[in-house]
Structure formats: C-alpha cells, structure tokens
Amino acid sequence: MSGIQQLNSPTGTETRSRGRWLALGVLVLAVLLVAVDATVLGLATPALSEDLKPSGTQLLWIGDIYSFVIAGLLVSMGSLGDRIGRKKLLLTGAAAFGAVSVLNAYATSPEMMIVARALLGVAGATLMPSTLALIRNIFHDPKERSLAIGIWGATASAGAAVGPVVGGALLQHFWWGSVFLINLPVMIALVVVGIKLLPESKNPVAGPWDLVSVGLSLIGVISVVYAVKEVATHGVTWEVAATAALGAGALYTFVRRQFGLSSPLLDMRLFKHRGFSGAVLADLLTVFGLSGLVFFLSQFLQLVQGRDPLEAGLAELPAAIGAVVTGLIAGRYARRYSVRTIVAGGLGAIGLALAVLTLIHKESGYPLLGAALLVVGLGAGFSFTVTADVILSSVPKEQAGSASAVSETAYELGAALGIALLGSIVTGVYQSFTAPASVAGPVADAAHESLGGAVEAAKALDPHTAQVMVGAAQDAFVDGLRLASGVGAAVLLATAVAAWFLLRGQRLQEGVEH
C-alpha cells in the first residue's frame, strides 16, 4: 500500500488524521523558510550595503533575483515533481537550499551575492510546488483540504511578513549573513522528519520532461521581468527592448510548444477556464502589493525613522497576524458567501491600505503604518488562500504539481514584480534629489545610488552638510514611497474589480473525492 493510501485508508481514522496533519506540519516548515527568505533580506539591506557596497542596481538585483529565478523555474519544477515524485524533489531541494544558504551567508562581493541568491532561487523552486501538490494528494476531503491550504497560505503570506522580524532579531546580535544560516538547521530537520512522515506521489503517466520547454520558460520569465524592471528604472533602451522581445518570443514559443506536446510541461488549456485564470491573476497581484510594501517599509522604518532592525521587524508584524487570521477562515467564508466576494474584498482591502500610505511622511506615527499593514495582511490572507484552493481544485490529482507550480509562479512573480516595479518607482524618484552644492564626485554618486548609500556617504561629511544631505535623501525616498503606494493601490483596486467578474459563479468543492 502506498504512503498516500495509508494516510487515507478508511481504517485507523485517528492515526490517519494524525499522519495527515503531521505531514502538513513538515510541508509548512518548507513553505515558511522559502517565504521568509523572500523578505528577510529587507532589514539586512543597510548592513549588507555597508559591507559589500553594492550599487543601487546591484542592490535591487540582490533583492529580487531570488524571486525571479524561482518564478522562472516553478513550472518546470512542478512538472518534474509530477514525474519523479514530489517527496523526492522536495527533500532534494531542501538539502540544496540549506547548502546554498551557507554560500549566501559568506558572500564577499555584490556579484557573488547575486549569484548565491540566484542559486538559492533554484533550490527554492523545488520546494513550493511540491508542498502544495502533496497537500492536494494527502487531503481528499475538500473542506479539510481548504483548511490545510489555509494553513499553507497563511504560512506563505505570514512568512513574507515574519521575515523582517526574524531578520531584525538576528541583526541585533549577529552580522547580516546570519539571516541565511538559520535555514541550515531547519532544512536538516525537514529532511530527517520528511523522510519518515511524507508520502510519495507522482503522475504515473506524466511522460518525459521536456528540457526545451524548461529553457523557454526560464528565459521567457526572467527576460520579461528584467525588461519591465529596467524600463521602470531607466526608460526604454535598445538593450531593454531586445531583452523584452527575447522574453516575449520565448514565452510565445513555450505556449505553442505546450499545445503540440502529448505530455506538456504545463497544460495551457487550464487557462481557458475563467475561474482558473482569474485566480492566477489575483494570486499574482495580492503578493505584488504585500511584498512591495514590506520590502520598502523595512527601509523606511530604519533609514528614515531611525528604528533598529528588531524594532522595524516587529513593526511589520501586523501584516503577518492579519494573514494568519484570515488565511485560516478564508475557505469557510468563501463557502458561506462566494469565492468572488472574498477574493475581490481581499484585493480591495490591500488596495485601500496602499492608498492610505500615499499620506505617509517622515514623522508618520506608527498607528497609521500598523493599521495599513494589518489591513494588507487581512486582505492577503483572504485572497491568496482562496485563489490557491481554486487553482488546486481545478485539476485532477495527477496534475497537482503543474497546477501548484502555476499558483507558486504567480506568487513568486508577484513578489519579484512588487519589488522590481514599485522599487523602481521609489528608486527613480529618489535619485532625483539634490545634494548640497558642496557635495560632489564619488560622495554624491554614492548618495544617489540608494538611501543606504546616502547614510553611509554622509559619514565622510561635516555634521551640518551630512544632516542636510541625508534629510534631502529621506524626503526623496518618502516621495518615491508615496508614489509607489499610489500606483500599487490603483493596480490592486482595478484587480479587485476584474476578480469580481472573472470569478463569477466560482465555488469551492463540497463533496469528498474518491
């Protein structure tokens, strides 16, 4: 009898139930670490900038290359898990994730850090779709599965918000590399426990893994996202246009190739389902708002308001609390009311919270920031959890890995775009600030790269000049943050309206699967 059959056999209900939820605990541990790693670096950015001295562009790449690579590989890794076994892929990826975390911790240059973060993304791409696909195969009762996905979704959403808290606590006592070393013992525990508790599952008729499709999806996603990021920061250039064309061409070829394969890497026919497509779009833009806000508020709280890393991390905790609370109840409320009510309401809440942040200034009190973060977390918990359930329930169990990969691609692409697009707006506005006339040359150049660079460069100036320059830099950063919040609010509110129509008539499953 297979592991899944044992966990779901009709006898031994108590043992079966305990086994399922213990297995879920292991899967949630993997999700937590991947989500934490997407934002934990936000608080370490000032210390990392001082040590490695990256340029503004390098700093953005350090922040978002992890999510870019994950997004580019998730579809491929979800399909690979369907073929070789999701447990095998998860545990192999966990071991690699722990090992590469050490490389991140001891990076000695911006270039090495970017490469290490990219490798961490490769390992991370093996984890997320495997966890959700295993949930799909372990929990056959739709209501039980909704709760399990709720716990999974709450962990994913909360992990992004808990990252700054974890980072803050570590940075109080250790150097910035410690935010990566925490992965090592957790991944060791995951592998050891996962070998015993997790059942294996795969698609018995999945067919071969198409390496051409793997390459096309990777090139397409990374090229397009890079082009969007560069246009937002530097405008349209021939190089950016060529990169965008390369990415678009790769994705077009990828889609055409999937329709012609007997065993596609991703079944594109899923997107003909209005509810599936609407859920993917909502997924992406929920995380777009959450990750962009958390990443740049970390810098605002430290470099503008002068909070220490732990205090700044704790200040962002309401987002995690909100995501956990609504993630656990989202499935029940979606059944009581409707999927579109919960998803559109969640997206609208995030949009309104971002709109409130257009009022932010250097002296803004914490109640405004804390309330906005709480509302963002509440909205993300509702929206992200229900859309993940819709996506996962739309496909047969055999395709769980591919469907999970679509959900996770939306999550990671949303995180990457949130940092890249909103970050590019912040950076573009920030770099327009005017330094004192007496500040010129390398000092002025360093100050215009990033707010962290300005704070560091000011140490070489006399106190009065330093105060004037840092004040101007902080004002420009806040102006950029306000504009980025306004853009984010407009995107999220428009998506809420779109979700209301796209998810019309969508329902979560009620009956037990057989």
Side-chain angles (χ1 to χ4, degrees), residues 35-36 38-47 49 59-60 63-64 67 157-169 171 179 286-323 349-380 414-415 417-427 429-430 450-452 455 473-489 492:
V36 164
T39 57
V40 71
L41 200 60
L43 280 182
T45 295
S49 298
L59 192 60
L60 279 177
D64 58 30
S67 293
S157 300
V162 166
V165 180
V166 174
L171 292 168
V179 302
T286 295
V287 183
F288 173 90
L290 176 65
S291 63
L293 175 65
V294 169
F295 186 80
F296 289 100
L297 272 186
S298 293
Q299 296 181 58
F300 172 82
L301 291 166
Q302 289 182 86
L303 299 176
V304 176
Q305 294 200 328
R307 302 174 191 265
D308 62 49
L310 179 58
E311 185 183 0
L314 291 172
E316 294 185 351
L317 201 55
I321 294 171
I350 299 172
L352 291 174
L354 290 173
V356 168
L357 289 179
T358 60
L359 306 175
I360 199 172
H361 53 82
K362 287 201 294 188
E363 292 77 26
S364 291
Y366 181 70
L368 174 68
L369 300 175
L373 284 162
L374 178 62
V375 173
V376 167
L378 291 170
L417 287 173
I419 293 173
L421 289 181
L422 299 183
S424 296
I425 293 170
V426 174
T427 301
V429 174
Y430 170 78
S450 67
L451 182 54
V455 172
Q474 289 175 334
D475 287 336
F477 183 87
V478 173
D479 288 343
L481 185 56
R482 282 200 294 262
L483 180 59
S485 297
V487 171
L492 267 296

- [ ] Can you sort out the partners of A349 under side-chain contact (heavy atoms from CB on, under 4.5 Å), two or more places apart, ordered by chain and number?
- [x] V375
- [ ] Kindly write out the residues that satisfy side-chain contact (heavy atoms from CB on, under 4.5 Å) with L301, not counting sequence neighbours, or none if the list is empty.
- [x] Q305, R307, A312, A315, E316, L369
Let me check something: any side-chain donor-acceptor pairs from residues 474-481 under 3.5 Å, sequence neighbours excluded? List them with distances.
from: Q474; atom 1: NE2; to: L303; atom 2: O; distance (Å): 2.8
from: D475; atom 1: OD1; to: K362; atom 2: NZ; distance (Å): 3.3
from: D479; atom 1: OD1; to: R482; atom 2: NH2; distance (Å): 2.3

Open item on the list: Using 0.5 Å steps for rounding, measure from the CG atom of L317 to the CD1 atom of I321.
Closed with: 4.5 Å
TODO: For A489 and A355, work out which heavy atoms get closest and say how close.
DONE: CB-N, 3.5 Å
Open item on the list: In the structure I gave you, are the side-chain heavy atoms of L373 and L357 within less than 4.5 Å of one another anywhere?
Closed with: no
Task: Validation row: L352, V356 side chains within 4.5 angstrom (heavy atoms) - done: no
